[in-house]
Amino acid sequence: MKNTADNVVIIGASHAAAEVISTLRKAGWEGKITLIGDEENLPYQRPPLSKAYYSGDINTDKLAIKNPSFYEMTKVGLVLGARADSVDRANKEVVLENGTRVSYTKLVLATGTRARLLPVEGADAPCIKYLRTVADVDDIKSTLAPGGKLLIVGAGYIGLEVAASAIKQGIEVIVLEAQERVLARVTSEPVSAFYQDIHRQAGVDLRLGVGLKRFVTKEDENFAELADGELVKFDCAIIGIGVIPNVELAEHAGLACDNGIIVDEFTQTEDPDIYAVGDCSNHPSQIYQKRIRLESVPNAVAQAKTAALSICGDNRVYDQLPWFWSDQYDVKLQTAGLMQEHDEVVVEGDVAARKFTVSYFRGGKMIALDAINSPALFMKAKKRICMDLQVDN
Amino acid sequence: MATITYIEHSGAKHEVEVKNGSTVMEGAVDNMLDGIIGECGGCCSCATCHVIVDSAWYEKLDAPDETETEMLDAVPEPTPTSRLSCQITVSDELDGLVVQMPEEQF
Ligand SMILES: Cc1cc2nc3c(=O)[nH]c(=O)nc-3n(C[C@H](O)[C@H](O)[C@H](O)COP(=O)(O)OP(=O)(O)OC[C@H]3O[C@@H](n4cnc5c(N)ncnc54)[C@H](O)[C@@H]3O)c2cc1C
Ligand code: FES
């Protein structure tokens, strides 16, 4: 910490990176900080990409995680629009795609995730898009005018949020989902049923339990061919079938990876000079007594703090309760905890009035809660789950 | 542009210039002030940006919406002039605004 020639290098310029920088400087890190990111932009918020930014309610300035002057104030060396190609652990250097070598004292991998590609015929056509970056959204919006037809493949949070934002702009929206319900991977049946209703009420053509065979283009028109042979016409398609953690840098450097880069409770990999934080990290959860990989801003930010403090010699166990939110139409969902292996589900409130909660219990203890337009109950549940589960541990 | 005074729970005062269109939460985190976290990035989902607004100023702000009001009920030690600072957008009219940070955020 005293040697000002020391350099903390961060790879991936997003939510986690911005917080590493802030916490390092607040904790008194006097050495250099270098931020390497393959996108051109300074770190910006991804959640609004499918929400307020997609619907046009906010512009790019409002996406910034920190104001540009923050990076001057914190004296960060910015290497943007540059992809890190490998990590040379023996020499403690990051090798960029253009061959430049950047030496590090401590390295923070904050490489996040990338969209999972849809493995069907025709999915490489230019009208088939993925949504992960601001460039992706700008590209999608430039090809879809009001009145256009948007096909969304996959009814996860991102797909459904885009459906809500697009319909608000006068776009016709069709959603295809292979499972029998929306959000099947992340929530329970009552919550799925609720979201199915609100999307259908808003005019989304939601099709559940349908297989997608391939994409075909005929006479300048695009079609999705379903398993039963039906052809669904569209102008632009967005694939939202999940993400894959960017572990290749770590893997090629010989670090253990298994659904993410393996780290300990201080976000440290098996190499004490290399940390991995945010969506790319697979970490132990004391609360749930297992290893998890999360895809959420609160996790990225809190892990980033843990890593920065650890670099400054202050080791604090990372053990935040996972939580998440999603905004669709006038409905705010806030989820506390992880809904897994529950033996009891309790629905309370008024579903028709779009204000209710679904709580999940295991052995009488609350392990998770979904709050629909019920923010105070979400906050209370967050506290309760921590208490209930800590008694266990 | 507005000069905003942030007072930490310890009493430490910070005067910060915040540009129009930014929120009071962003003014604090961009300047690395302690006491406001802003975990959700300002979309009124986390309640980690609670501030107590100077009472003369409180009346001048647009009233909080239903979500914010409910969340303020559940923060540790809410006060009659509590606000979520990510819901206060800065403009010239807010020049001189004074906000206090609570002892702990949610
Ligand atoms: C549309 C959308 C909506 C979302 N909504 C929500 C929400 O409502 N709430 C919520 O909590 N979360 C939401 N998320 C998830 C949230 O955005 C992520 O959890 C968060 O961005 C993770 O931050 P991160 O810093 O770990 O990684 P990322 O944001 O994934 O950033 C990683 C960065 O590293 C770069 N990178 C990767 N490899 C290299 C390399 N070799 N060299 C240089 N750069 C590299 C990537 O290009 C990227 O810029 C949403 C995500 C998306 C896409
Ligand atoms: S920053 Fe999350 S509620 Fe204000």
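Chain letters run A, B, ... following the sequence lines, proteins first and then strands; every chain starts at 1.
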Got a sec: does the [atom1] of [X] have more than 12 other heavy atoms crowding it under 6.0 Å?
X	atom1	value
A:Lys355	NZ	yes
B:Asp62	CG	no
B:Lys13	NZ	no

Please classify the contact of [X] with chain A as side chain, backbone, both or neither, using a heavy-atom distance under 4.5 Å.
X	answer
B:Asp73	neither
B:Thr23	both
B:Glu68	neither

How long is the gap from [atom1] on [X] to [atom2] on [Y], to the nearest 0.5 Å?
X	Y	atom1	atom2	result
A:Glu19	B:Glu39	CD	CD	9.5 Å
A:Thr74	B:Met32	OG1	CE	6.0 Å
B:Glu17	A:Ser69	CD	OG	11.0 Å

Region of [X] in contact with chain B, defined by heavy-atom distances below 4.5 Å:
X	result
A:Met379	both
A:Asp61	neither
A:Thr23	neither
A:Lys51	neither

Using every non-hydrogen atom in the two residues, find where [X] and [Y] come nearest and quote the distance to one decimal.
X	Y	value
B:Asp30	A:Ile65	OD1-O, 4.0 Å
B:Ile37	A:Lys305	CG2-NZ, 3.8 Å
A:Lys26	B:Asp34	NZ-OD1, 3.2 Å

Checklist entry - Tell me, do A:Met73 and B:Asn31 make a side-chain contact under 4.5 Å, heavy atoms counted? => result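 Result yes, sub-4.5 Å side-chain heavy-atom pair found.
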Item to check | Flag side-chain contact, heavy atom, 4.5 Å: B:Glu26 against A:Lys62 | outcome: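 In contact.
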Item to check | side-chain contact (heavy atoms from CB on, under 4.5 Å) assessment of A:Trp323 paired with B:Cys40 | outcome: CA-CA 10 Å; A:Trp323 76 274; B:Cys40 73; 4.1 Å; yes
Checklist entry - Any ion pair linking B:Glu70 and A:Lys332 (charged N to carboxylate O, less than 4.0 Å)? => result no
